[in-house]
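The structure appears below as structure tokens.
All figures in this text were calculated on a predicted structure; none of them were measured in a lab.
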Amino acid sequence: MKIYISFNILIFCLIFITNVFAKNSDSFNEGKNLFLDKKFEESKFFFEKDLVFNPKNSMSYLYLAKIYKKKENIENEENNLKNVLLLDPKNDEAIYMMIILKINQSNYKEARNLIDSFNKVCNSFCSKKNEIEEKFSKLIPENEK
């Protein structure tokens with residue numbers, strides 16, 4: 001009898017855990033679909049929900065950074081980009097977004113370091129190299145030109 005009860009509890013726990021993880025991946029996909037439909041506030045909710053269950057999902061942080069960029073909330077955009085780069089240092093899209101942010105903040109040193117990193121890891125955003133260098137050249141101090 002005890003084995004039967006223990007077995008039922010184990011089965012229940014496995015089903016419950018499976019459902020939690022399934023809902024978690026659904027949250028990210030739902031958020032991404034809403035983001036693509038330009039429903040940013042609604043998608044933000046789903047990305048945040050996804051991070052509750054999976055705090056290491058760098059893509060949820062990346063999409064949150066994109067949402068905050070559209071809202072012109074620089075502080076939250078930067079915080080989410082830092083999280084992406086902490087979890088996935090080779091994410092070229094996040095590096096690119098951070099470079100643009102640092103250039104807009106006139107942060108020469110950090111922008112240069114990020115550009116160097118970007119050049120080493122660029123994958124899908126390599127076409128943006130010229131744009132970055134052009135924007136960065138306007139930021140270079142006169143004594144370093």
Mutual orientation of the aromatic rings belonging to F136 and Y108 [parallel < 30°, tilted 30-60°, perpendicular > 60°] = parallel

With side-chain contact (heavy atoms from CB on, under 4.5 Å) as the test, would you mind laying out the steps for Q105 and I74 before giving the verdict?
-> CA-CA 10 Å; Q105 293 173 344; I74 294 168; 3.6 Å; yes

Find out whether M98 and E110 are in side-chain contact, i.e. whether some heavy atom of one side chain is under 4.5 Å from a heavy atom of the other.
-> no

Here the pair of heavy atoms bringing N57 nearest to L51 is O-CD2, 3.6 Å

Between atom CD1 of I67 and atom NZ of K70, what is the distance when rounded to the nearest 0.5 Å?
-> 10.0 Å

Report yes or no: does D37 contribute a side-chain atom to a donor-acceptor pair with the main-chain N or O of K39 at less than 3.5 Å?
-> no

Non-hydrogen side-chain atoms of N119 and E133 separated by less than 4.5 Å | yes

Got a second to check how far I95's CD1 is from N113's CG, nearest 0.5 Å?
-> 11.5 Å

Nearest-0.5 Å distance, NZ of residue K69 to CD1 of residue I100 = 6.5 Å

Linked, directly or transitively: L86 and L64 (ILVMFWY side chains, under 4.5 Å) | no

Show your working on side-chain contact (heavy atoms from CB on, under 4.5 Å) between N91 and M59 and close with a plain yes or no.
-> CA-CA 10 Å; N91 186 312; M59 293 306 292; 4.2 Å; yes

Any side-chain heavy atom of K44 within less than 4.5 Å of one from E41?
-> yes

Any idea which heavy atoms bring S43 and G31 closest together, and the distance?
-> CB-O, 3.1 Å

Quick one: are L81 and L62 in side-chain contact, heavy atoms under 4.5 Å?
-> yes

Under 3.5 Å donor-acceptor, D50 side chain and F46 backbone | no

After noting the C-alpha distance and the side-chain angles of F118 and K129, does the key distance pass the side-chain contact (heavy atoms from CB on, under 4.5 Å) rule?
-> CA-CA 8 Å; F118 181 78; K129 279 185 181 181; 3.8 Å; yes

Mind checking the CD1-CD1 spacing from I132 to I99? Nearest 0.5 Å is all I need.
-> 4.0 Å

Can you tell me how far the CE atom of M97 sits from the CG atom of L85, to the nearest 0.5 Å?
-> 10.0 Å

Closest non-hydrogen atom pair between E78 and L101, with its separation | CB-CD2, 3.5 Å

Near D116 CG, under 6.0 Å, is it more than 12 heavy atoms from other residues, nucleotides or ligands?
-> yes

With the side chain counted from C-beta on, respond yes when N80 and V84 share a heavy-atom pair under 4.5 Å apart, and no when they do not.
-> no

Report yes if some heavy atom in the side chain of K71 is under 4.5 Å from a heavy atom in the side chain of F40; otherwise report no.
-> no

Verify whether one side chain among E131 and Y96 offers a donor that lies under 3.5 Å from an acceptor in the other.
-> yes

Qualifying residue for ring-ring contact (aromatic ring centres under 6.0 Å, His included) with Y63, from F35, F45, Y68 = F35

Note, K66 side chain near E93 side chain (heavy atom, < 4.5 Å) | yes

Kindly say whether the aromatic ring centers of Y61 and F47 come within a distance under 6.0 Å.
-> no

Between atom CD of E134 and atom CD1 of I103, what is the distance when rounded to the nearest 0.5 Å?
-> 10.5 Å

Are the side chains of E30 and E42 in touch, meaning some heavy atoms are under 4.5 Å apart?
-> no

Closest heavy-atom pair and its distance - S58, D88 = OG-CB, 4.0 Å

